[in-house]
Undergrad: 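Got a structure for you, written out below as structure tokens; questions coming shortly.
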Amino acid sequence: MAFFDDLGKKLTSVSQTAVQKTKDVADIAKINAEISELERTANHLYFQIGKLYVAKHTTDYESDFAGMIGSVIESERKIAECRQRIQDIKGVVCCEKCGAEISAGSAFCSFCGAPSPKSATSANAQNLEKCSSCGAMIPHGTRFCTACGKPMLRDAVPPVSAEQASVEQVPEAQTPAEPVPAEQTPVEQAPTSKTCSSCGAVNEPDCMFCTECGNKL
């Protein structure tokens, strides 16, 4: 009986030790998670402090911060330039009221009706032209629309030179007239635009406000 008693005590001791180790591991994991959360909070506060300092001391910062603040300012300038290049490629500007992207030549936002922002790139809009298929503003001289891929229709008939005109004046042998094909019944298509009842301007089908007068469509 003494043997079984000793065996039972050993098993009980081993079980208690395993339970204690398991509890210790769980407690350590919980403490580590708390440390990680506190570190994330501290790092966020450091970030906010640095951002606030840069905002308040853009020109009168201490010499120790000159390199870092200069890098931040240069990065923000490059980010703004990249975003402007994207808008120029897309032929849009951002509405100052709702933030929506609207055509560069629009007088009013087609989403909230606010006047179109007078951005610094308004001069670039003079070098843009409107696609007759989707209404996007694209650089002048582009053969295909960068938004919908359809060809621009401004150069449908190429100019005729003087030499070509003289050649065309040479009489040619008459050929039998080809039969006139029967007139085909036009196929009705779904409306692809909205006409403003106030000013008569043609707007995109998803516009809620007229891009010319701001009237609700």
Undergrad: Quick one: CD1 on I69 to CD on E62, what's the gap to the nearest 0.5 Å?
TA: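 I69 CD1 to E62 CD: 9.0 Å, rounded to 0.5 Å.
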Undergrad: I need the L45 CG to R40 CZ distance, nearest 0.5 Å.
TA: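 L45 atom CG to R40 atom CZ measures 13.0 Å (nearest 0.5 Å).
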Undergrad: Measure the spacing between CD of E39 and OH of Y46 and express it to the nearest 0.5 Å.
TA: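 The OH atom of Y46 is 10.5 Å from CD of E39, to the nearest 0.5 Å.
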Undergrad: Of the non-hydrogen atoms in G200 and T195, which two are nearest, and what is the gap between them?
TA: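 Closest heavy-atom pair between G200 and T195: O-CG2, 3.7 Å.
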Undergrad: Are more than 12 heavy atoms, taken from residues, nucleotides or ligands other than E81, located less than 6.0 Å from that residue's CD atom?
TA: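 More than 12 heavy atoms, drawn from other residues, nucleotides or ligands, come within 6.0 Å of this atom.
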Undergrad: Please tell me if the side chains of I28 and V25 come closer than 4.5 Å, counting only heavy atoms from C-beta onward.
TA: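 In short, these two side chains do not touch, never coming nearer than 4.5 Å.
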Undergrad: Given Y53 and F65, is the ring-ring contact (aromatic ring centres under 6.0 Å, His included) satisfied, shown in steps?
TA: CA-CA 10 Å; Y53 180 86; F65 300 96; 4.9 Å; yes
Undergrad: May I ask whether V93 and I86 are part of the same hydrophobic cluster, defined by side-chain heavy atoms of I, L, V, M, F, W, Y residues being less than 4.5 angstrom apart, directly or through others?
TA: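 Per the 4.5 Å side-chain linkage, V93 and I86 are not co-clustered.
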Undergrad: If you round to the nearest 0.5 Å, how far is CD1 of I79 from CD of E74?
TA: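 With rounding to 0.5 Å, CD (E74) is 10.5 Å from CD1 (I79).
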Undergrad: Any chance you could lay out the side-chain contact (heavy atoms from CB on, under 4.5 Å) test for I49 and L52, step after step, and finish with the verdict?
TA: CA-CA 5 Å; I49 291 172; L52 181 61; 5.9 Å; no
Undergrad: Rounded to the nearest 0.5 Å, how far apart are CD of Q87 and SG of C94?
TA: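 SG of C94 is found 4.0 Å from CD of Q87.
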Undergrad: Looking at every non-hydrogen atom in both residues, tell me the closest pair between F111 and C98 and how far apart they are.
TA: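 Reported closest heavy-atom pair: CB-SG, 4.4 Å.
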Undergrad: With rounding to the nearest 0.5 angstrom, report the SG to CD1 distance, C112 to I102.
TA: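 So the SG of C112 and the CD1 of I102 are separated by 7.5 Å.
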Undergrad: Can you give me the closest heavy-atom contact between T58 and V54, atom names plus distance?
TA: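 For T58 versus V54, the nearest heavy atoms are OG1-O, 2.7 Å.
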